[in-house]
Amino acid sequence: VNALGEVAFSGKAGPDGAGNLDTSGVWERDVLGALELKLIEGQPAPHLDGLTIDGAVVLALSDRGELLIEAYLRGPGVVSNPPPSANNVAFYLLDAEGNFELLVRGADTLEFAPGEFHPVPVGSMSFDAGLEHFAFETWSTGGSAIFYASVPEPGSLASSLAAFITTLALARMRRAC
């Protein structure tokens with residue numbers, strides 16, 4: 001529940017052919033009481049061609065109506081091995097207009113030092129109350145790093161690049177310590 005009285009939740013829908021509630025999704029109820037489906041199991045995964053949603057959990061709802069969603073993925077090349085190779089989880093920001101922004105996906109690679117790339121094991125993320133910044137810890141053979149970045153505006157290449165540069169700078173600073 002946010003300050004405006006909007007409510008977001010994840011849950012199961014159905015029934016399937018056997019009467020089970022087995023299709024997970026994310027819904028939001030606005031201040032007027034209208035319920036809207038935001039993400040459902042089986043739909044194409046936003047910004048990840050060829051992959052579909054295999055489940056989703058609402059992590060936060062901002063006072064601006066933005067949703068932070070942890071989505072589970074299925075499709076070609078998706079593996080759920082232990083980190084750092086697991087790539088079956090993606091974190092999305094859904095803005096109030098319904099635009100999805102992919103924040104990070106498990107096993108994305110980042111540059112820890114010039115020419116040294118490692119997969120990002122994403123097990124947990126932290127966000128500020130306004131969903132404006134996020135942080136997660138990752139590690140490589142050379143040590144660990146805490147990545148902290150601004151959440152990019154949907155569709156904004158400049159914001160996405162700024163977030164990536166901030167992330168790399170913090171990773172390099174952490175490694176130097």
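The minimum heavy-atom distance linking Asn99 with Asp95 is given by the pair N-OD1, 2.8 Å. Between Ala8 and Val58, the shortest heavy-atom contact is CB-CG1, 4.1 Å. What you find for Asn88 and Ser80 is that their closest heavy atoms are ND2-CB, 3.3 Å. Nearest approach of Ser62 to Asn2, heavy atoms of both residues: O-ND2, 2.8 Å. In terms of heavy atoms, Ala56 sits closest to Ser10 at O-CB, 3.5 Å. When all heavy atoms of Ala96 and Glu66 are compared, the closest pair comes out as N-CG, 4.4 Å.
Counting only heavy atoms from C-beta outward, the side chains of Leu35 and Glu28 never approach each other to under 4.5 Å. The side-chain heavy atoms of Val89 and Leu73, taken from C-beta on, include no pair separated by under 4.5 Å. Inter-residue side-chain proximity for Val57 and Tyr72 is flagged as met; some heavy-atom pair is nearer than 4.5 Å.
Linking ILVMFWY residues whenever their side-chain heavy atoms come closer than 4.5 Å, directly or via other members, places Phe9 and Leu37 in the same cluster. Note on Leu102 and Val26: same hydrophobic cluster, where clusters join Ile, Leu, Val, Met, Phe, Trp and Tyr whose side-chain heavy atoms are under 4.5 Å apart, directly or indirectly. Linking ILVMFWY side-chain heavy atoms closer than 4.5 Å, directly or via other members, places Leu59 and Val104 in a single hydrophobic cluster. Hydrophobic clustering places Leu32 together with Leu4 (ILVMFWY residues linked when any side-chain heavy atoms are closer than 4.5 Å, directly or through intermediates).
Below 30°, between 30° and 60°, or above 60°: for Phe100 and Tyr92 the angle between ring planes is above 60°, a perpendicular geometry.
Within the 3.5 Å criterion, the main-chain N or O of Ser24 finds a donor-acceptor partner in the side chain of Glu41. Using modelled atom types, no side-chain atom of Arg29 and backbone atom of Glu36 make a donor-acceptor pair closer than 3.5 Å.
Between Leu61 and the choices Val7, Leu94, Leu67, Leu68, the side chain to side chain contact (heavy atoms under 4.5 Å, CB included) rule is met once, by Leu67.
The distance from the OG1 atom of Thr23 to the NZ atom of Lys12 is 7.5 Å, given to the nearest 0.5 Å. Note: Leu48 CG to Ile53 CD1 = 7.5 Å, rounded to the nearest 0.5 Å.
Between Glu6 and Arg64 no salt bridge is recorded (no basic side-chain N to carboxylate O distance below 4.0 Å).
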